[in-house]
Each structure stands twice: as C-alpha cells, then as structure tokens.
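Okay, structure first, notes after.
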Amino acid sequence: MSDTDNDKPKLGMRAPLGLKRTVETGKVKQSFSHGRSNTVVVEVKRRRVLGPQSGDAQPQQAEAAPPPPPAAPAPAPRPAAPAPRPAVSNETPQERQTRLLREAEEQRMNALEEGRRREERERAEAAEAEARRLEERARAEAEAAKAPKEEPKAPEPAPAPVAAPTPAPAPAPAPAPAPKPAPQPVTLQLDPSLPAPRRFTPVQRPEIPKPQPKPEPQRQEREASTPAPAASAAPSPSRPAPTGGLPPRRGPEPARPSRDRKGDDRRQSGKLTVNRALGGDDGARARSLAALKRAREKEHRRSYGGPREPQAKQVRDVVVPEAITVQELANRMAEKGADLVKALFKMGMPVTVNQTIDQDTAELLVTEFGHNIQRVSESDVDIAVDTSEDPADQLQPRPPVVTIMGHVDHGKTSLLDALRGTDVVKGEAGGITQHIGAYQVTLKDKSKVTFLDTPGHEAFTEMRARGANVTDIVVLVVAANDGLMPQTIEAINHTKAAGVPMIVAINKIDLDSANPQRVRERLLEHEVIVEEMGGETQDVEVSALKKIGLDQLIEKIQLQAELLDLKANPDRAAEGTVIEAKLDKGRGPVATILVNRGTLKVGDVFVVGAESGKVRALVDDKGRQVKEAGPAMPVEVLGLSGVPMAGDPLQVVENEARAREVAEYRAGVIQQKRTTNAPASLESMFSALKEKQAQEYPVVVKADTQGTVEAIVGALNKISTDDIKVRILHSGVGGITESDVTLAGASGAPIIGFNVRANAKAREIAERNKVALKYYDVIYDLTDEIRAGMAGQLGPEAFETVVGRAEIKEVFSAGKHGKAAGLLVTDGVIRKALKARITREDVIIYSGEIASLRRFKDDVAEVRAGLECGVTFSQNFTDIKAGDYLETFEVELRERTL
C-alpha cells in the first residue's frame with residue numbers, strides 16, 4: 001500500500017502519535033458460507049523504544065564514557081537528546097505539538113527519576129560510611145583492650161576516607177566523584193525528608209525482603225578491587241547502583257529478578273507518582289487513620305497497665321414483661337441475638353430474633369446467661385389502692401360522714417333539709433330523691449358533719465351500697481306510720497355488710513297514725529336492738545316537718561363520732577371516691593368527690609377509674625369555689641377527660657403522662673372484659689340458642705348522672721323475660737345528641753331521656769328518621785312504660801280452648817276424590833268452621849278446619865256429645881282411617897303482661 005492510501009482515514013485506523021508509525025494497517029478479506037465475504041482492517045502495533053534497552057549496549061557506553069573531572073560533584077550527565085528525526089511528510093501541526101509536549105514530559109520525568117536515584121544513592125553511601133565508621137571504632141576498642149600497655153589508637157577514624165572512600169582502580173561502570181573537603185564527622189540523625197518515626201508502632205518499619213541478585217561480571221570485579229567493610233551495614237529499601245557517573249539514562253543496575261517472583265515490589269519502585277513527586281518520601285505506603293488509631297490505643301494499653309486482662313462478665317438485672325422478642329431480650333441482656341437463638345435451638349425451640357417468646361422461656365435464657373430477672377406485667381402499670389396507715393403523729397381529727405338511708409317517701413331528704421336549713425325536696429321530681437346528694441353542715445358549736453343523701457327507690461340499690469361503703473355512720477330513717485319496708489330492710493343489710501354503726505331515726509311522729517313502738521319491735525326481726533330494749537343501737541324520734549328531735553339526733557351523731565375517734569392525714573396526696581358523676585353542658589364532665597384522706601388542691605393531676613384529668617376548679621355543696629378540699633369534704637371536681645363511673649376511686653399522681661398511662665391501661669382492661677367471649681360449653685350454647693329465640697327490645701338510655709344511668713339499666717334488665725329481653729344499645733350521661741339519634745334510627749329503638757332533652761339538630765333528625773324520643777323524670781314511670789312497650793312488641797298471647805272430641809268410626813267416599821268421616825261425638829260439641837286436629841296414636845296428622853258438618857244428609861251447625869255425624873275437612877284432606885280421633889278447639893287472644 002502507498003503512503004497516499006494510508007493518509008486517508010480508514011475504519012479502525014488511529015492517527016499516529018509519534019515520529020515513527022507504531023501502527024501498520026492492512027486489510028484481510030474473510031469468506032463465509034453462502035457466498036458471503038467481509039473485509040477487516042488489521043492493525044500491527046510495534047513497541048515504541050525511547051532509549052537503549054539492550055544489555056550489551058550498556059557496558060559499551062559505560063566503558064566509552066570519559067571520567068568526570070575530579071573537582072565537581074555535579075550530577076551525572078543526562079543522556080544526550082536524540083537527534084532530530086526527519087520530519088514525516090504526513091505529520092500535522094496538531095501531531096507535531098503533541099509530539100513535542102510528549103518529549104518535554106519524558107525529559108521532565110527522566111530528570112525527576114535521576115534526581116530520585118541520586119538521593120537514594122547518597123543516602124546509601126551515608127549509611128555505608130556510618131556503618132564502616134562504627135565497625136572501625138569497634139575494632140579499635142577491641143585492639144585497645146587486648147594491648148592495654150600500648151598507646152591506644154584514636155577512636156575516631158580519619159574523616160576523609162569516611163566521607164568519600166576512594167574506589168579501587170578496577171574497571172567500573174562509572175568512576176566515583178572527587179572527594180569533598182574535609183567534612184565534620186558524620187553522626188546518625190533523622191533524615192528531614194523522611195516522615196517522623198512512629199513511637200506507637202510496636203515493630204520496626206517493615207522492609208521488603210529482597211533476594212540477592214547474581215552479580216554481573218563488572219560488579220564482581222569492582223567489589224573484588226574495593227574493600228567491603230560495609231557488608232554488615234543495614235540494607236536499604238532499594239539498593240542503588242555504585243557511586244560514579246551515570247551512563248545516559250538508566251545506569252548499570254543489578255540484574256532484575258525474574259517477573260514471576262512474588263513479594264518483590266521493585267517493579268513499582270521505578271514509577272513516579274504525585275505523592276512521590278510532592279512528598280519526596282521513599283515510596284512507603286501511608287498507614288490509614290484506623291490503623292493509626294489502633295496503634296495508639298495499643299500503645300496506650302501497653303504504657304498503662306500492660307496487656308488488657310479479660311474483664312469479668314457483668315451481671316445485669318433484666319426486666320422481662322409477659323411477652324418479649326428475642327432481639328429485645330438480647331438488647332436488655334447486652335448479649336448477641338445469635339447467642340440467644342443458638343441457646344433456644346438447643347432447648348428445642350427453632351425461633352428467630354424477631355419472634356416473641358413468653359416470660360417463662362425468657363427466664364430460662366436470662367438465668368442461663370447468668371443474669372437476674374425481674375418479672376413485670378401489664379398490670380404493674382396500674383396504681384394499687386394504698387391501704388397503708390399513716391403515722392399517728394400526722395393524723396388530725398376530721399368530720400364524720402353520715403349517710404341517710406331508708407325506704408322511699410319516708411322523709412330522708414326532708415330530715416336532711418331540716419338539718420341544713422334548706423329545701424331540697426322541692427327540686428326533686430315526684431318528691432323522691434334519685435341522686436346521691438353530698439352536703440357539709442356546720443353545727444352550732446362550729447363542728448362539721450358531712451351528710452350523704454341516698455335514694456330510697458328499689459332501682460337505686462347500687463347507690464345505697466356505695467353510700468354505706470364510704471360512710472362512718474348510717475342514719476336509718478323509718479316512718480312511724482309505715483313501719484319497715486323492703487328498702488328499709490335492704491338498707492339494714494347494706495349497713496351490716498359495711499360494718500358501720502347505725503342510728504335509727506323514727507320520723508313522722510307528729511302524725512296521728514304514728515306508732516314508734518311497733519317500729520322498734522319490727523326491728524328486732526332483723527337483729528337491730530335499740531337502747532330502750534337493751535341493745536346498743538341508738539334511736540331517736542324526730543319530725544322533719546315540725547323540726548322535733550333534731551338536736552337529739554345531732555347529739556347522738558356527735559357522740560357516735562367521738563367514740564369512733566375519726567382522724568385522717570391532710571398532708572399527703574389526696575384519695576377520694578366518686579359519689580356521683582354527670583356531664584354538664586357548660587362545664588363538661590363533673591364528678592362529686594368525697595375526699596377520704598389527704599388534701600385535693602386545684603392543679604392536682606389525678607386518675608379516677610378509666611379517666612384522668614387535672615383539677616381546674618373545686619366547687620362545694622353551696623356552689624362556692626374553693627382552693628382545696630380536706631378529708632371528709634364533698635366537692636365537685638371539674639377538669640376530667642370523661643365521665644367516670646360512680647364509686648370509682650380517685651388518686652392523685654405525679655404528672656399527666658403517668659395519669660394517661662394508668663387511664664389507658666384501665667380502659668383497655670374494661671374493653672377486653674366487654675369483648676372477650678366466655679369459653680364455650682353446652683350450657684352456654686343452649687343459653688345462646690335460647691337468647692336468639694327471644695325477641696329483643698333495643699333502647700338508648702341517656703340520663704343526667706352516672707348513677708342514674710346505672711340504676712335505669714339495672715331496672716330495665718330486670719324487666720326482661722324469656723320471651724323478650726331489653727338490649728341496651730348505648731347508655732351515657734348528658735343530653736341527647738345527633739349520634740344517639742342516628743344509632744337509635746339504625747335499629748328502630750326508642751331513646752329514653754331521664755332529666756335530659758335533645759338539642760334542636762337531634763330533634764330534626766329524629767323527626768326525619770321517625771325515632772321515638774321519650775322523656776322521664778321519675779324512674780317508676782319509665783319502667784312502667786318500657787314494660788308496656790315490650791309487652792306490645794310481643795303481641796297478644798294465644799290461648800287454646802278444646803270445644804269437643806269425637807272418634808272416627810267409618811270413612812265414606814264424598815264426590816270423585818274426597819272422603820268423609822263418620823264420627824261419634826264423645827265429649828263437648830262439634831261445630832262447623834272450628835279449627836280441628838286429627839290424631840292417630842296420639843300423633844297429630846292433620847291440623848285445619850271443618851269444611852262441612854252433616855247429620856242424616858242435612859247440614860247442621862253443631863252436633864252434641866253422644867250423637868253421630870259426618871264431616872269433611874278443608875284442603876281436601878283424605879288420609880282418614882277408622883280409629884282416628886278428632887279434636888276441635890277455639891283460639892283466644894289475650895294481651896300480654898310482663
């Protein structure tokens with residue numbers, strides 16, 4: 001191919017980078033099957049030789065090199081620049097510029113390489129000289145010790161031969177430079193160009209082991225003619241060529257070892273990197289920061305206390321809940337999760353670190369790893385009732401808590417009004433009490449008594465029980481004209497169960513029909529013996545209307561309180577009991593609290609049942625706001641998160657987070673109890689089937705207080721029978737809202753409002769959805785109407801009355817397909833159009849009506865006993881046989897009563 005052909009760009013052809021073409025191109029034609037062919041451009045690359053590389057040329061150049069002048073320690077002469085090559089005809093200006101830049105870079109690199117080699121050579125010479133000097137000093141000291149009588153030689157050798165030893169006149173690749181003027185004695189010191197020695201390095205600086213190369217003939221001759229006192233000198237990292245002038249580029253070096261030898265990094269030593277060019281070090285690899293840190297720590301441990309001893313295993317107290325994952329347990333034990341999994345596998349439990357294990361399995365693991373276990377459960381979050389007694393020196397007298405109990409309409413609230421000087425009865429619907437009222441009365445001698453007024457209606461049993469449990473003294477009010485009634489007896493039982501003293505107040509003695517002695521006698525039936533009859537129970541005759549005997553009642557209450565010696569500690573966190581709770585429209589949830597011990601202050605954080613809160617305000621029984629409430633003082637508390645249950649205990653806690661935690665736990669327990677199904681059994685299955693057969697009467701109950709809601713729900717559940725039962729869809733405190741109407745409308749249930757009303761929006765939705773709103777203020781009116789409504793839903797009750805019985809004697813044909821039965825009436829009357837049953841061997845085979853009744857071919861209305869007749873049945877019933885019995889009956893519908 002011609003040069004003109006090469007000038008043209010071809011496929012795969014690259015532009016030449018040097019003066020000579022290093023790539024020759026050609027074309028090869030490839031033939032394939034089916035007549036296909038392809039032409040491929042083939043490139044032949046040749047290695048560019050920048051300098052003399054043959055081994056024979058080096059000795060010849062070394063011999064021909066003239067010796068340098070002895071006075072100049074100038075650097076070795078650089079190789080002559082290659083003669084300028086003739087310009088290539090096809091070189092472009094860009095290629096020429098690239099070539100010149102490349103040559104300049106090569107020259108700069110050669111200069112840097114020569115400078116590095118010169119520095120290495122000077123360092124090696126200094127090291128050899130120092131080693132030679134030390135060896136001569138040691139030899140001189142040894143000779144001086146052998147011949148003490150002789151004059152000792154000077155320990156210091158002549159500086160001239162040490163600094164620049166004259167090489168032997170043997171033929172060498174390059175003569176040594178001229179000796180310098182007499183220098184100072186060479187001493188060992190740190191090379192400033194090298195990095196500072198690392199004190200923390202536990203071993204010496206690592207050196208690359210280098211096998212001794214086979215000496216070349218010229219090197220052998222030089223070593224033979226030159227004394228070798230520095231043979232014991234420390235080897236240098238890279239041994240340079242002997243001193244002398246350098247030949248042009250790459251002076252004589254020892255023969256390179258074979259390339260297949262491992263562990264030899266001399267191939268990398270000739271490369272110039274940026275770190276070498278700028279740092280000037282000997283090319284040793286820098287240590288990483290992590291390695292430096294480990295070395296420092298190791299040096300620190302070595303300098304302080306020697307080698308680190310194995311530490312003793314730390315025993316921990318591991319808190320283990322009822323269920324915990326393996327990884328969480330490992331974190332609490334400060335162990336590896338894999339170790340715990342391995343231990344569980346040995347126990348026969350193939351688990352993962354994210355799997356949950358129970359408390360017993362966790363205890364086995366904790367004890368196996370040598371730790372201590374602390375079992376906890378979710379119930380530990382709850383606050384237990386503090387039953388500990390306060391120290392006697394901190395106790396102070398407190399007012400007595402007196403509960404007024406008795407039957408409905410026996411004058412309990414009137415008696416309390418007479419004691420307080422107020423009129424509460426007028427505010428009660430129907431003249432009966434339906435809430436627990438808490439009042440504190442200041443007597444003439446400035447002493448205080450706390451009174452609790454309980455309802456007497458039968459539906460308020462729970463209220464009376466709570467009143468008896470939180471009280472110190474019970475005043476049993478019995479009407480002198482009425483005697484003992486069911487709720488009076490129930491109050492006596494509650495009082496005995498609570499174990500509190502009782503004072504009997506015989507009320508209404510101003511009436512003509514009053515008979516106090518009969519009341520005392522009736523009390524004997526229930527083991528209540530008054531003082532007049534030799535017992536210990538105090539009694540007093542009073543009249544709330546005429547205010548007779550009130551002072552005597554107060555005296556007996558104070559006497560009983562002195563005997564009890566009532567004391568409490570006011571200087572502690574408050575504890576109390578919910579007497580009543582309600583939802584006020586303007587104030588939100590409000591609870592009437594009776595403080596048992598401690599002092600309840602505004603701003604206290606508390607937990608009451610499943611609700612929590614912070615005291616925003618305290619209101620006493622007269623409507624005045626107070627800052628604090630001491631023991632035995634009833635107050636209304638504002639600031640609750642919800643309406644608590646009556647009878648729930650109140651406890652003051654340290655902060656709101658703790659209060660919310662306890663309240664959430666208690667709410668979860670209540671929810672779990674409400675939703676957890678009982679274990680299945682035959683009895684529960686049969687009762688469930690029976691309940692499904694019974695009809696349901698759904699209702700929604702809203703009342704003004706929590707205790708009233710509780711009483712209404714209990715009264716409605718007592719109305720339920722086997723045929724129909726009340727289903728409480730929702731019960732709550734407060735007015736009737738839109739959500740209540742929506743819930744009732746979905747089930748077709750009426751809404752019962754007790755002392756509450758629906759808002760305008762709720763009334764509108766109720767009218768649209770046709771939801772019945774029923775308002776009550778007396779509980780027995782409510783129960784009577786609900787009972788009537790449940791009976792109306794059941795419908796009238798059917799009663800059967802048997803009219804007559806007859807025996808079928810013969811069966812006759814009637815028409816083409818029908819059959820008639822010949823009867824003998826045995827009892828009663830057989831009438832036409834009555835319902836009839838046919839029994840065969842006491843098994844009913846037909847139930848229908850008599851279609852026709854004949855006697856001697858005449859239609860008759862009825863046939864009496866002892867006569868014969870013929871009948872046909874509706875629905876064309878023909879399965880009649882002689883010997884069957886016919887029974888006729890009537891069905892009477894009556895209204896149900898529950």
query: Are Arg520 and Ile506 side-chain neighbours, meaning at least one heavy-atom pair lies under 4.5 Å?
result: yes
message: Before you tell me yes or no, could you show the steps for Asn755 and Thr708 under side chain to side chain contact (heavy atoms under 4.5 Å, CB included), namely the whole-Å CA-CA distance, both residues' side-chain angles and the distance that decides it to 0.1 Å?
response: CA-CA 10 Å; Asn755 285 336; Thr708 307; 5.9 Å; no
query: Nearest 0.5 Å, what's the CG-CD1 distance between Leu716 and Ile728?
result: 5.0 Å
message: With heavy-atom distances below 4.5 Å as the criterion, would you say the side chains of Glu710 and Met645 are in contact?
response: yes
statement: Residue pairs meeting ring-ring contact (aromatic ring centres under 6.0 Å, His included), one or both in residues 722-745, sequence neighbours left out, come to none
Side-chain (Asn507) to main-chain (Ala544) donor-acceptor, under 3.5 angstrom: yes
- request: For residues Pro350 and Gln355, report the shortest heavy-atom separation together with the two atoms involved.
  value: O-OE1, 4.2 Å
task: Kindly indicate whether a cation-pi arrangement holds for Arg805 with Tyr885, taking the cut-offs as under 6.0 Å to the six-membered ring centre and within 45° of the axis.
output: no
field: Worked check of side chain to side chain contact (heavy atoms under 4.5 Å, CB included) between Lys774 and Val699
entry: CA-CA 10 Å; Lys774 299 183 178 181; Val699 294; over 6 Å; no
Pairwise side-chain contact, Met533 with Leu523, heavy-atom cut-off 4.5 Å (strictly under): no
task: Compare every heavy atom of Ala762 with every heavy atom of Ile736, then report the nearest pair and how far apart it is.
output: O-CB, 3.7 Å
message: To the closest 0.5 Å, what do you measure between CG (Leu452) and CD1 (Ile404)?
response: 8.5 Å
task: Check for a donor-acceptor pair, side chain of Thr878 on one end and backbone N or O of Lys819 on the other, with a separation under 3.5 Å.
output: no
field: For the student: nearest non-hydrogen atoms of Ser747 and Pro698, plus distance
entry: O-CG, 4.0 Å
task: Would you check if the side chain of Arg840 reaches a backbone N or O of Asp884 as a donor-acceptor pair within less than 3.5 Å?
output: no
- request: Kindly compute the distance separating CE (Met790) from CD1 (Ile724), expressed to the nearest 0.5 Å.
  value: 4.5 Å
statement: For Thr592 and Ala438, the nearest pair of non-hydrogen atoms, with its separation, is CG2-CB, 4.2 Å
message: With a sphere of 6.0 Å drawn around CZ of Arg727, does it hold more than 12 non-hydrogen atoms of other residues, nucleotides or ligands?
response: no
- prompt: Where is the tightest heavy-atom contact between Gly483 and Val519, given as atom of each residue plus distance?
  reply: CA-CG2, 4.2 Å
query: Do any pairs count as a ring-ring contact (aromatic ring centres under 6.0 Å, His included) and have a residue in residues 784-804, sequence neighbours left out, and if so which ones?
result: none
task: Indicate yes or no: at least one non-hydrogen side-chain atom of Val733 is less than 4.5 angstrom from one of Thr705.
output: no
- prompt: Passes side chain to side chain contact (heavy atoms under 4.5 Å, CB included), Leu524 versus Ile529? Steps please.
  reply: CA-CA 6 Å; Leu524 294 176; Ile529 306 174; 3.8 Å; yes
task: To the nearest 0.5 angstrom, please state how far the CG atom of Asp781 sits from the CZ atom of Phe754.
output: 9.0 Å
- request: Determine the minimum heavy-atom distance between Ile808 and Lys881, stating which atoms define it.
  value: CG2-O, 3.7 Å
query: Hey, are the side chains of Leu853 and Cys869 touching, using non-hydrogen atoms and a 4.5 Å cut-off?
result: yes
field: Under 3.5 Å: donor-acceptor pair, side chain of Lys412, backbone of His407
entry: yes
message: Within the supplied structure, the quantity of interest is the number of heavy atoms (other residues, nucleotides, ligands) at a distance under 6.0 Å from Glu525 CD; does it exceed 12?
response: yes
Pairs satisfying salt bridge (charged side-chain N to carboxylate O under 4.0 Å, His left out), at least one member in residues 734-759, at least two apart: Lys702-Asp740
field: 4.5 Å side-chain heavy-atom contact, Pro321 and Gln359
entry: no
field: Leu484 side, atom CG; Ile489 side, atom CD1 - distance, nearest 0.5 Å
entry: 5.5 Å
message: Donor-acceptor pair, distance only, cut-off 3.5 Å: does the side chain of Asp482 make one with the backbone of Val478?
response: no
query: Does any pair with a residue in residues 856-871 pass side-chain hydrogen bond (donor to acceptor under 3.5 Å, both in side chains), and if so which ones, sequence neighbours excluded?
result: Arg831-Glu862, Arg854-Asp859, Glu862-Arg864
message: Test: ring-ring contact (aromatic ring centres under 6.0 Å, His included). Region: residues 829-867. Which pairs qualify, not counting sequence neighbours?
response: Tyr846-Phe873, Tyr846-Phe877
query: Out of Asp704, Val643, Leu640, Val590, which one pairs with Leu583 under the side-chain contact (heavy atoms from CB on, under 4.5 Å) rule?
result: Val643
message: Side chains of Ser720 and Asn717 only: does a donor on one sit below 3.5 Å from an acceptor on the other?
response: no
- request: Measure the OG1-NE2 distance between Thr403 and His494 for me, rounded to the nearest 0.5 Å.
  value: 12.0 Å
field: Arg518/Glu521 salt bridge by N-O under 4.0 Å criterion
entry: no
- prompt: Would a 4.5 Å heavy-atom cut-off, applied to side chains only, mark Leu476 and Thr495 as touching?
  reply: no
field: Any residue meeting side chain to side chain donor-acceptor pair (under 3.5 Å) with Asp512, in chain and number order, not counting sequence neighbours
entry: none
query: What do the steps show when you test Ser641 against Glu611 for side-chain hydrogen bond (donor to acceptor under 3.5 Å, both in side chains), and what is the final call?
result: CA-CA 6 Å; Ser641 61; Glu611 305 294 340; 2.9 Å; yes
field: Close side-chain approach of Lys725 and Glu696, heavy atoms under 4.5 Å
entry: yes
Lys835 atom NZ, neighbour heavy-atom count above 12 within 6.0 Å: no
